[in-house]
Structures are given as structure tokens and as C-alpha cells.
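So the structure is just underneath, and the comments pick up after that.
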Amino acid sequence: MLISALLTLSTLFITPTDRMAWFREARFGMFIHWGLYAVPAGKWQGKEVQGAGEWILFSGQIKVKDYEPLQKQFNPVKFDAKEWVRIAKDAGMKYIVITSKHHDGFGLFHSKETDWDIAGTPFKRDVLKELASACKDGGIRLCFYHSIMDWHHPDYLPRRPWDPRPEHQANFENYVRYMKAQLKELLTNYGPIGILWFDGEWEGTWTHEHGKDLYSYVRSLQPDIIINNRVDKGRQGMAGLTKGDFMGDYGTPEQEIPGNGIPGVDWESCMTMNDTWGYKKSDHNWKSAETLITNLIDCASKGGNYLLNVGPTDLGEIPGASVERLKKVGDWMRLNGEAIYGTQAGPFSRRLSWGKVTRKGQTLYLCLTEGYRPKVEMPGLKLDVEAASYLGQRTRQLLKVDRNANGVTVELPESAKSLTIPVIALRFKGEPVVETIPIRPNAAGDVELLAVDATIEGHAQYEADKNCIGYWTDKETAVSWDFDLPAKANYTVVAILACEPKSEGSEVLFDVGAAKFQYKVEPTASWSDFKEVKLGTLELLPGKQKVRVLPLTKPGLAVMNLRGVYLRRSK
């Protein structure tokens, strides 16, 4: 009774800000998906199974009794917890999130609640116990991923369609009690845990009441633990942010990065290095190290974290391609980590053509993710600049800074061409102010509203490779542009867009000045097959104007890919 009272009292004195402080400082973590699915590594009975490696039981429609023999085949004799921690630490990562239990229900720890865990394998050793010790020694925070969904447990519902076990024999509340008992083991036997990373909450058997209860239960075991929003029902698809009054300390975008920073909201984008989370031998579609660094910068520049996944082999080794890329990320972080750790979103609402900006105290960090250019321009920035220099130099070379009515410009020497994503530290006094510089007509009188210049009001994002606004999976997300006209004129409104084949088509409203054009998006050959759509004509008066594009419906995977809106002046 006394222990319970003390736990309750301690919870009252730990504020969300206190809990989240280390998370906001860290910015970069390692996700580890590892389990029995590493044994088949994407193949079942000699045939390649489509989809992610850790979903093979589901994607291959494998019966539980046929999947269970994998337990006796799992013998990761090359597993070395210290080596895993070294790889993460050398990459600049500050925390590790590992699958204590994925959707197949198999546990990487010794549990008194089941035999379906690593103790029943030839390996027998408690992986999480060894990793907890290595993390403690290495100064890395250990965190656990734990699946709510469990395809193996006899009381979990709903069953998979091909599972012959009768549903009437299952009792879902018994499963909930089992899950809580395992969580108690994880939160009492392995030391302080940084995050409880839930997943698999989307099935109808898991309710908001379950989410609230589980959140409180976990908090009673470790009052200062962070719990992601997948404990409850508020996550909005892969965009990952919570909508409504639901439990969870932060949002979890998956395989995407929000279009803009979201003030007052903590989030973490979890992403793979190739196309799968668990090890899949045939998947060699690796992202480059430069892409991984760019993603990390993108997350930090919007006030979020980057959780980058590795999928170890059945022998317990992190694949060489992952290690190679993480080493290159670590090399960059040793020079430029100051621009990532403990930073917040930069002050710019509109995307900058040359890269991203983070901020810490009285310094802006200009990260040149789009390659070298002789001048880095920051339109509309009002700033009392003290100095500008490159990070990663023993003696920092001061760079020439020009401040005028249009903003601030930093001039770069040609030596910057040799750097991998160079970072400029711009020290200033006071507070940065950014005045929006409206877009103006070009020499022909046309107004070009390009995807790269759009303000994204929500969770879509700019895709540099397609030069468009993509990943537009949230119907509540709009995009907009501000522009300025010198004189009255007539225009034809044109949109350049692409959509998935066979799409039912989203209804989209184009709000242009005082006119509104409603359009049902037609499918194109692919997400990269852009076509020009004429929406209508209108007259616009001189002065400041705005175009806003707002989805009304979204029946398909995403609204569309939008390359831009053009106002073509009538001749």
C-alpha cells in the first residue's frame, strides 16, 4: 500500500516537460526489429513472400502451428549487445528501441508468462538483459517496442482468416491481463526504460478505454517513462499524429516526415534504411547515407526525432550495409551534431531552396542538404547577426554575411563543395523574425506557385525527387501560397498533379482569390506521371493574394501529388 501511494505521489511531481527533456535533446535513435522472422528472412517453403520481413506470418498466411518450429531454429550465436550499442553510439544515436515482442507474440526476454520466448530457443540467453547492461555501460537509453496485437496468443482477437483456432474459445480480456503481466516483467527486471513504444493498436478489439487503462498502468510501474501515442486510438494513419483526446506522449509518423514543424507537439519519425523492418535477405534497396543524414536534419529542423531502423540477421548481426551507412552518418554527426542535439525547429514556415534550418539558443544552423551554392539566401529574415562559420573546423572560418531589406545572405567559398552536407552556424542577438516575401509574377506576367514554395498546413511533405507535395495522406491538410499582383489581370488557373492509377479520386477545392474551383482528381499512370489540369479562369485585383488547396474527400491512399498551381495571364 505504501509503495503504491509513493508511486502515485511521484507521478504527480513529474511533468510532461520533465519526462520529455531527454527525448528532445536526443533527436536520433536506433530502432531494432528482431525476432523469429529473421530465420526465414522473407522466404517461406522456398518462395519469396511479399511485404515486410517481420510480417511473414501474416503475409504468407502461415498457421501458428507451422510458424512455431522457428523457435527451435533461432540461434543467434553472433549476437553481441556491446557491438550493437557501439554501432548505435558511433552513429550519434542516443537511444535504442528494440522489439521486446512483435506481432508474432515471440518475446526476446525471459518471461514467466509464456514459453513462447527466447528461453525456449537453442540460444536461451536473455537478449534484453544483455542489451540493458550494454546500454547502461555505453550511456545509451534503452527503450522497448511492445506489440498490442498478438497473432500467436490463444486469447488474442480477432483471429487471422486462415487461423483454424475457433474464436469462441478466446477471451480477449485474458489476453490483456497477460500483456500487462509481461509489461510488468519488462518494467521491473531491466532497469529504467526510456520509452514504451506500443504498436498494433488499430484492430477493433483494442478500445480507447483499454488505451487509457494501459497508459496509467505503465506509468504506475515507471512514473517517468515516455509512452507513444499507439497505446490508444488517436493516431491518424501513417502521418502518426494524434487527433482528439487520447493518451500518448508523442506522435509516431511512419516512413514519412511531417511537412512542417508542429509547435507544442512532440513526434518521432520511424523509418527504414531499405524497404523492410525485420531482416529480409532479398531487400537490397538501401537508402544512401546522405539520404539518411538529410532525413535526420529534416526531422530536427521541424522539432522532431528520427528513429532509424536496423533488422539484424538470424545470427544476430546488424547487416553490413546498415553498418556502413551508420558509420558515414556518425562521421557527419561528429562534425555537425551540434546542429541536431537539443535543437528546435527553425523560424522559416516556407521551404528554403538550399536546405533546412535548426535552432539552439542564439544560433541558427543552416544545413545545405540540396548541395553547394555560392550564396545561401534567407528571404524575409530580420536578424542581428554576430558571426557565421562552418561547423567541424578547429579554427572556424568566418563567412561573409549580407543583411538588407530582402533578408540575410551568407556567401560560401568554393571549398564548401567538398563537404558532405555542410552546416553553417549563424550566431545572432535577440529573436529572429521572418517576414513572408510574397511571390510575384514572372517576366511573362504568369504567377508560378511551385511545390517547393508552398506552406504546408498539416502533414503532407515536399518530395525533392519528384519536385512535388506528396505523402498527402491527411484530409485535414491544406497547402497554400501568398503572392502579390502589381495590377488587375485575367488568369487561367492550372494545376500540375499526379495520382495513383485506378483511384476513385479525391474532391479538392482550389481557393483562388475570391473564386473557388472544385475538382475531382483523376488517376494518372503513376504517382510520378504528372498532367496539367485546367481549372477555370478568373480576374484578380492588384495587391496581396492567396491560393489555398484543401481536400474535401480522400477515398484513396493519398489526395494527390501536386507539383504546383499556375496562374497564366490572358494575353
Backbone N or O of [Y] within a donor-acceptor pair of the [X] side chain at under 3.5 Å?
| X | Y | answer |
| --- | --- | --- |
| Thr358 | Ser301 | no |
| Asp117 | Ser111 | yes |
| Ser59 | Trp55 | yes |
| Asn309 | Met271 | no |
| Trp116 | Asp104 | yes |
| Asn336 | Trp332 | yes |
| Asn305 | Ala26 | no |
| Asp80 | Glu83 | yes |
| Lys356 | Leu366 | no |
| Gln236 | Gly234 | yes |

Side-chain contact, heavy-atom cut-off 4.5 Å: [X] with [Y]?
| X | Y | result |
| --- | --- | --- |
| Asn228 | Arg235 | no |
| Pro258 | Ser269 | yes |
| Thr188 | Tyr190 | no |
| Val376 | Leu352 | no |
| Glu48 | Lys280 | yes |
| Asn229 | Asp249 | no |
| Val310 | Phe31 | no |
| Arg27 | Tyr306 | no |

(request) Given side-chain hydrogen bond (donor to acceptor under 3.5 Å, both in side chains), test Tyr341 with Glu25 step by step and report yes or no. (result) CA-CA 5 Å; Tyr341 301 129; Glu25 174 66 30; over 6 Å; no
Reported [atom1]-to-[atom2] distance for the pair [X] and [Y], which is rounded to 0.5 angstrom:
| X | Y | atom1 | atom2 | value |
| --- | --- | --- | --- | --- |
| Trp354 | Glu377 | CH2 | CD | 10.5 Å |
| Gln182 | Met179 | CD | CE | 9.5 Å |
| Leu36 | Leu57 | CG | CG | 10.0 Å |
| Thr276 | Tyr279 | OG1 | OH | 11.0 Å |
| Ile87 | Ile318 | CD1 | CD1 | 4.0 Å |
| Asp199 | Ser147 | CG | OG | 6.0 Å |

Is the [atom1] atom of [X] crowded by more than 12 outside heavy atoms at less than 6.0 Å?
| X | atom1 | answer |
| --- | --- | --- |
| Lys43 | NZ | no |
| Lys136 | NZ | no |
| Lys328 | NZ | no |
| Lys281 | NZ | no |

(message) Which residue in the set Trp277, Tyr145, Tyr37 passes side chain to side chain donor-acceptor pair (under 3.5 Å) when paired with His102?
(response) Tyr145
Please report the shortest heavy-atom distance between [X] and [Y], naming the atom on each side.
| X | Y | value |
| --- | --- | --- |
| Thr343 | Glu338 | CG2-O, 3.8 Å |
| Gly138 | Val85 | CA-CG1, 4.3 Å |
| Gly194 | Ile225 | O-CG1, 3.7 Å |
| Met247 | Asp232 | N-OD2, 2.8 Å |
| Phe74 | Gly35 | CE1-O, 3.6 Å |
| Ile118 | Arg125 | CG2-O, 3.3 Å |

Check for me whether the distance between the ring centres of [X] and [Y] falls short of 6.0 Å.
| X | Y | value |
| --- | --- | --- |
| Trp34 | Trp84 | yes |
| Tyr95 | Trp22 | yes |
| Tyr250 | Trp267 | no |
| Trp197 | His146 | no |

(request) Starting from the C-alpha separation in whole Å, work towards a yes-or-no answer on side chain to side chain contact (heavy atoms under 4.5 Å, CB included) for Leu108 and Asp126. (result) CA-CA 7 Å; Leu108 286 178; Asp126 189 330; over 6 Å; no
(request) Would you kindly check if the NZ (Lys) or CZ (Arg) of Lys180 is within the cone defined by 45 degrees around the ring axis of Tyr217 and under 6.0 Å from the six-membered ring centre? (result) yes
(request) May I ask you to check if Lys94 and Phe28 form a cation-pi contact, with NZ or CZ under 6.0 angstrom from the six-membered ring centre and within 45° of the axis? (result) no
(message) Just by distance, no angles: are the side chains of Thr272 and Gln255 close enough, under 3.5 Å, to form a donor-acceptor pair?
(response) yes
(request) Compute whether any side-chain donor of one residue and acceptor of the other, for Asp275 and Asn285, lie under 3.5 angstrom apart. (result) yes
(message) Under the criterion side chain to side chain contact (heavy atoms under 4.5 Å, CB included), I'd like the reasoning laid out for Thr121 against Asn75: C-alpha separation, chi angles, the key distance, then a yes or no.
(response) CA-CA 7 Å; Thr121 70; Asn75 190 22; over 6 Å; no
(request) Determine, for Lys327 against Asp90, whether the closest basic-nitrogen to carboxylate-oxygen distance falls under 4.0 angstrom. (result) no
(message) Run the side-chain hydrogen bond (donor to acceptor under 3.5 Å, both in side chains) test on Arg230 and Thr252 for me, step by step, so that the C-alpha distance in whole Å, both residues' side-chain angles and the decisive distance to 0.1 Å come before the verdict.
(response) CA-CA 8 Å; Arg230 300 190 187 196; Thr252 53; 2.9 Å; yes
(request) With side chain to side chain contact (heavy atoms under 4.5 Å, CB included) as the test, would you mind laying out the steps for Ile226 and Asp266 before giving the verdict? (result) CA-CA 11 Å; Ile226 296 171; Asp266 291 296; over 6 Å; no
(request) Report the C-alpha distance between Ile193 and Leu186 in whole Å, list the side-chain angles of each, state the deciding distance to 0.1 Å, and finish with yes or no for side chain to side chain contact (heavy atoms under 4.5 Å, CB included). (result) CA-CA 9 Å; Ile193 302 303; Leu186 289 169; over 6 Å; no
(message) Go through it in stages, so that I can follow the logic: the residues are Thr291 and Ser288, the test is side-chain hydrogen bond (donor to acceptor under 3.5 Å, both in side chains), and I'd like the CA-CA distance, side-chain angles, deciding distance and then a yes or no.
(response) CA-CA 5 Å; Thr291 295; Ser288 69; 3.0 Å; yes
(message) If you apply the rule salt bridge (Lys or Arg N to Asp or Glu O under 4.0 Å), what do you find for Asp453 with Arg351, and how did you get there?
(response) CA-CA 6 Å; Asp453 295 322; Arg351 190 180 184 277; over 6 Å; no
